[in-house]
Amino acid sequence: GVHSLQKPVRKFPEGFKFGAATAAYQVEGAWNEDGKGPSIWDDLTHTDPSPISDGSTGDVAADTYHLWKSDVELMKQLGLDFYRFSISWSRILPTGFPDQINQKGVDYYDNLITELLKNKIEPMVTLYHWDLPSNLQKLGGFANPLIVEWFEQYARVVFDKFGDKVKYWITINEPKQICYEGYGSTAKAPRLNMTGIAEYICAKNVLLSHAKVYHLYDENYRYKQNGQIGISVSCTWYEPASDTIEDHQAAEDARQFDWGQYIHPIFSKTGDFPLSLKNNVRLRSKEQGFLRSRLPVLSSEEIVYIRGSSDFLGINSYTTKLTYRDASLEGMYPVPSYMDDMSAVMVKDASWPQAQSSWLQSVPWGFYKILTQVRYLYDNPAVWITENGWSTSGGLIDNDRVKYYRTYLGALLDAVEEGSNIKGYTAWSLFDNFEWMSGYADKFGIFEVDFKDPKRTRTPRKSAHVYKEIIRSRSLDMNYDVDDKTVVAP
Ligand code: GBH
């Protein structure tokens with residue numbers, strides 16, 4: 001905002017941490033090596049690749065399964081304080097269950113973690129970033145309430161193996177994307193498309209799975225392992241498209257569906273799903289002839305069990321949408337469905353800078369509003385920005401990405417200066433990777449990866465040089481410049 005223009009060089013607070021992130025299926029490759037079992041993403045890409053824009057798979061991806069050691073060297077050169085990555089559940093437990101523990105999978109993560117620590121880079125580990133073991137999906141995945149036990153059993157193995165070395169845990173990456181995109185639509189595996197039904201069953205089960213593993217850690221591991229555990233929620237800012245009450249309500253509904261659905265039960269004083277979400281789904285369900293709301297009830301025990309079950313809030317934030325209400329659009333969404341329950345229309349603004357990913361526009365003030373709302377609504381929780389980043393179609397001179405990072409970090413500093421309790425920031429992504437339905441076409445890396453090269457050569461982009469300087473100086477200098485020649489021909 002205005003502040004960033006006033007001060008060309010701004011310091012980050014004492015102790016603020018900088019990291020970069022990846023996720024197992026998006027970077028590891030080695031999909032069936034050394035005893036790894038299949039996941040729903042192996043199944044999707046192998047059985048019906050048609051929804052993937054370039055027909056690609058994560059079979060090899062950025063090959064971090066083999067390149068972890070030189071990758072840590074790159075992270076060290078970049079100066080990262082921490083590296084956020086996820087564990088592939090089926091690499092550790094090929095069947096999904098703890099009857100078989102795959103020692104080679106354990107060794108892989110153990111080597112990576114040990115190498116990170118040797119180089120003074122903290123591991124921040126996500127337990128689940130969308131790659132459910134295939135067997136568990138056959139049993140219904142997150143639509144089966146037993147997922148809570150399965151997830152706990154998996155987490156137990158992980159805490160036992162790595163908990164002495166890992167001090168930052170994230171249970172689940174982006175519950176809404178798991179539930180709405182995977183179960184309530186076809187946007188992500190398992191593409192269940194049980195609109196208006198499965199995404200809400202999933203929401204309850206995801207929240208309980210998260211809370212179960214939080215309590216497991218809190219009661220059985222924290223006293224000896226002394227780490228912190230939280231959840232990462234994707235937060236888009238929804239800005240009313242006009243000043244009408246209707247558009248303000250539409251934007252508020254969109255926020256509560258998108259992230260309030262998951263943050264409110266954990267971080268609000270009262271717990272439970274947000275009232276507006278409960279009301280919207282209950283009214284629509286009734287109109288449609290359902291005997292109960294399609295949004296499952298959380299019992300008073302469950303509300304208490306979920307409330308407070310996080311040491312910090314992980315925020316993944318990328319963009320902003322204009323939001324309005326339009327009664328004439330009745331019939332636009334399937335019935336029943338999440339989109340129909342929300343009945344808000346979300347659009348882009350042609351004046352905002354556009355990334356390679358169609359959904360992604362640069363709106364730093366929207367990021368500021370997210371951070372301010374979270375501070376206000378949930379009593380200023382400890383926040384880690386666990387993802388933020390920009391996609392291009394390629395190239396090493398990524399001035400648009402540099403600008404995106406700088407302006408978003410400026411917005412973050414605005415929020416910090418107003419009191420937001422933000423502990424750290426994570427660039428998505430360290431490497432170009434398998435960008436889900438966009439395959440390898442949307443490139444998010446601050447390091448380029450050459451996917452045509454069997455060696456998967458990595459090259460730092462201009463943004464990596466700029467990020468390195470931000471980390472080194474612990475400050476944001478809008479005038480710091482990197483000569484393009486040093487980027488292209490180092
Ligand atoms: C993250 O999700 C993921 O955690 C990560 O794996 C992924 O690679 C990264 O972002 C980049 O995509 O506006 O209706 O078109 C980001 C989640 C994805 C949520 C796009 C909103 C747009 C839906 N966001 N999605 S829409």
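Atoms considered below: every heavy atom in the structure, side chains included; atoms not considered: hydrogens, waters and symmetry mates. Quantities reported herein were computed from a predicted structural model and do not represent experimental measurements. As the structure lists them, so they are numbered: ligands from 1, and atoms in each ligand from 1.
- At a cut-off of 3.5 Å, with distance as the only test, no side-chain donor of Ser232 or Asn173 sits close to an acceptor on the other residue.
- For Trp31 and His46, the distance between ring centers is under 6.0 angstrom.
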Give every pair formed by an N or O atom of ligand 1 and a protein N or O atom closer than 3.5 Å, one pair per line with both atom names and the distance to 0.1 Å, or write none.
| residue | atom | partner | partner atom | Å |
| --- | --- | --- | --- | --- |
| ligand 1 | 2 (O) | Glu174 | OE1 | 2.9 |
| ligand 1 | 2 (O) | Glu174 | OE2 | 3.1 |
| ligand 1 | 4 (O) | His129 | NE2 | 3.3 |
| ligand 1 | 4 (O) | Asn173 | ND2 | 3.0 |
| ligand 1 | 4 (O) | Glu174 | OE1 | 3.4 |
| ligand 1 | 4 (O) | Glu174 | OE2 | 3.4 |
| ligand 1 | 4 (O) | Glu387 | OE1 | 3.0 |
| ligand 1 | 4 (O) | Glu387 | OE2 | 2.9 |
| ligand 1 | 6 (O) | Gln26 | OE1 | 2.8 |
| ligand 1 | 6 (O) | His129 | NE2 | 2.9 |
| ligand 1 | 6 (O) | Trp436 | NE1 | 2.9 |
| ligand 1 | 8 (O) | Gln26 | NE2 | 2.9 |
| ligand 1 | 8 (O) | Trp428 | NE1 | 3.2 |
| ligand 1 | 8 (O) | Glu435 | OE1 | 2.6 |
| ligand 1 | 10 (O) | Tyr318 | OH | 3.1 |
| ligand 1 | 10 (O) | Glu387 | OE1 | 3.3 |
| ligand 1 | 12 (O) | Glu435 | OE2 | 2.5 |
| ligand 1 | 13 (O) | Lys321 | NZ | 2.3 |

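- Not less than 6.0 angstrom separates the ring centroid of Tyr168 from the ring centroid of Phe82.
- Note on ring orientation: taking the six-membered ring where Trp is involved, the planes of His129 and Trp428 are parallel (angle under 30°, cut-offs 30° and 60°).
- Here Asn316 contributes atom CG and Trp384 contributes atom CH2; the two are 14.0 Å apart, rounded to the nearest 0.5 Å.
- Identified under the disulfide (SG to SG under 2.5 Å) test for residues 165-209, with sequence neighbours left out: Cys179-Cys202.
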